Asker: 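Quick one: this structure, given as structure tokens, is what I'll be asking you about.
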Amino acid sequence: MPNLSLDRSSRIRLIDPDTDLDMVVTNDVRSFGGDVDVALARETWAGPLEFDRFWVSTDQRTSGSELLVGHAGIFSLDLTMPGGRQIPLAGVTWVAVQATHRRQGRMRELMDVMVDDARDRGETMLGLLASEGSIYRQVGFGTASFQQSYLLDVSRATFGNLIEDAGSCRFIDAPAERHTIVADVLTRALPARVGDVSRPERLLERDLSDHPSEREGDSPEWMLAHEDASGVVD
């Protein structure tokens, strides 16, 4: 483990997954809004999270017991640079501070710890998907890319022929085959896409899960794979 130099803030410590994870999930829901099955979230995220790179911010109650009021973590990823070279990227994730403890510098303390950890591990870049971009400018982050969404009237839209060789499509039903196919496509695509980020095994497993309670009333997910003329899924 790197030396995190936590003396500057006794309020920050590494997560204890056996005792803290339920409260972390609850805190996250309170911070972002929504409804979640805490037990299911614990089950599905206990594997993907890197507990040696996940910190909590605590406060002491008047009774002397500890109160968890914030958290943040890092995923160890790779980022594709121009020329196809990949560099280590500290993927910042799960950043939240309870409303009762905001404006106290707690997010900045968490960010300082994560920056120190990334530097000690030889990672030269930290990145995240920001739900509120203006917050992260205050702690040294800048805009790397934008995201745009469109709503289409399907009665007026058609698919363009974007693939020179049409090949063929087939449904993929077996979970193991789904995982193998997606992992293979991502591995082949990553070096050719500047700015693309790797998807480690633990995160890919979470992405491909299809638990009934997370479908919001929709049907099970269907996966369709396209194969080129030689039978390679692309």
Side-chain angles (χ1 to χ4, degrees), residues 1-2 4 14-18 20-22 24-25 28 36-56 71-81 83-96 113-115 117-131 144-145 147 170-215 220-228 231-234:
M1 282 293 295
L4 300 181
L14 281 171
I15 187 176
D16 182 339
D18 294 327
D20 297 333
L21 194 52
D22 285 356
V24 164
V25 173
D28 203 63
V36 69
D37 183 332
V38 174
L40 174 63
R42 178 187 176 88
E43 174 188 341
T44 56
W45 282 108
L49 292 179
E50 298 178 40
F51 295 127
D52 63 335
R53 307 197 73 181
F54 200 105
W55 295 267
V56 294
H71 54 77
I74 290 177
F75 288 128
S76 305
L77 307 173
D78 292 310
L79 174 69
T80 301
M81 302 296 288
R85 186 170 70 94
Q86 294 173 315
I87 65 171
L89 169 71
V92 177
T93 187
W94 278 58
V95 181
V113 170
M114 289 192 291
V115 169
D117 178 67
R119 182 179 57 240
D120 290 343
R121 294 171 185 257
E123 295 165 336
T124 57
M125 189 175 296
L126 290 86
L128 73 155
L129 297 176
S131 56
S145 63
Q147 179 174 315
R170 64 185 176 93
F171 283 104
I172 309 299
D173 295 318
E177 187 179 10
R178 290 186 180 197
H179 189 106
T180 299
I181 286 176
V182 173
D184 178 63
V185 170
L186 289 175
T187 299
R188 287 187 278 117
L190 186 62
R193 295 168 59 92
V194 175
D196 208 349
V197 176
S198 64
R199 209 65 182 164
E201 188 77 14
R202 58 188 178 279
L203 287 177
L204 184 59
E205 189 73 35
R206 174 67 179 87
D207 289 345
L208 293 177
S209 65
D210 182 28
H211 198 282
S213 67
E214 296 183 321
R215 294 174 185 161
E221 288 184 342
W222 301 105
M223 179 176 287
L224 194 66
H226 178 269
E227 297 177 341
D228 63 19
V232 176
V233 177
D234 55 9

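Predicted model only: the values in this text are computed from it and were never measured.
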Asker: Got a salt bridge between D52 and R121, using NZ or NE/NH1/NH2 to carboxylate O under 4.0 Å?
Answerer: yes
Asker: Taking salt bridge (charged side-chain N to carboxylate O under 4.0 Å, His left out) as the definition, give me every residue that meets it alongside D16, ordered by chain and number, with sequence neighbours left out.
Answerer: none
Asker: Please identify each residue that fulfils salt bridge (charged side-chain N to carboxylate O under 4.0 Å, His left out) with D207, with sequence neighbours left out.
Answerer: R199
Asker: Under the side-chain contact (heavy atoms from CB on, under 4.5 Å) test, which residues partner P212, sequence neighbours left out?
Answerer: R215
Asker: Decide yes or no on side-chain contact (heavy atoms from CB on, under 4.5 Å) for L204 and L186, but give the supporting numbers first.
Answerer: CA-CA 10 Å; L204 184 59; L186 289 175; 4.1 Å; yes
Asker: Could you go through M125 and L79, starting from their C-alpha distance and side-chain angles, then the distance that decides it, and tell me whether this counts as side-chain contact (heavy atoms from CB on, under 4.5 Å)?
Answerer: CA-CA 9 Å; M125 189 175 296; L79 174 69; 3.4 Å; yes
Asker: Quick one: do L128 and F75 satisfy side-chain contact (heavy atoms from CB on, under 4.5 Å)? Show the steps, please.
Answerer: CA-CA 10 Å; L128 73 155; F75 288 128; over 6 Å; no
Asker: Go through the structure and list residues passing side-chain contact (heavy atoms from CB on, under 4.5 Å) with E177, not counting sequence neighbours.
Answerer: R170, I172, A174, I181
Asker: Applying salt bridge (charged side-chain N to carboxylate O under 4.0 Å, His left out), name anything that partners D20, two or more places apart in sequence or on another chain.
Answerer: R13
Asker: Which residues pass the side-chain contact (heavy atoms from CB on, under 4.5 Å) test with A46, sequence neighbours left out?
Answerer: L21
Asker: I'd like to check R193 versus T80 (side-chain heavy atoms, cut-off strictly below 4.5 Å). Are they in contact?
Answerer: no
Asker: With a 4.5 Å cut-off on side-chain heavy atoms, are L203 and L77 touching?
Answerer: yes
Asker: My understanding is that only residues two or more places apart in sequence, or in another chain, count here; which of them pass side chain to side chain donor-acceptor pair (under 3.5 Å) with S209?
Answerer: R206
Asker: Output all residues satisfying side chain to side chain donor-acceptor pair (under 3.5 Å) with D184, sequence neighbours left out; order by chain, then residue number.
Answerer: R188
Asker: Check salt bridge (charged side-chain N to carboxylate O under 4.0 Å, His left out) between E50 and all other residues, then give those that pass, not counting sequence neighbours.
Answerer: R202
Asker: Just how far is it from atom CG of D117 to atom CZ of F54, taken to the nearest 0.5 Å?
Answerer: 13.0 Å
Asker: Distance-only criterion, 3.5 Å: show the donor-acceptor pairs between side-chain atoms of residues 86-95 and protein atoms not counting sequence neighbours.
Answerer:
none

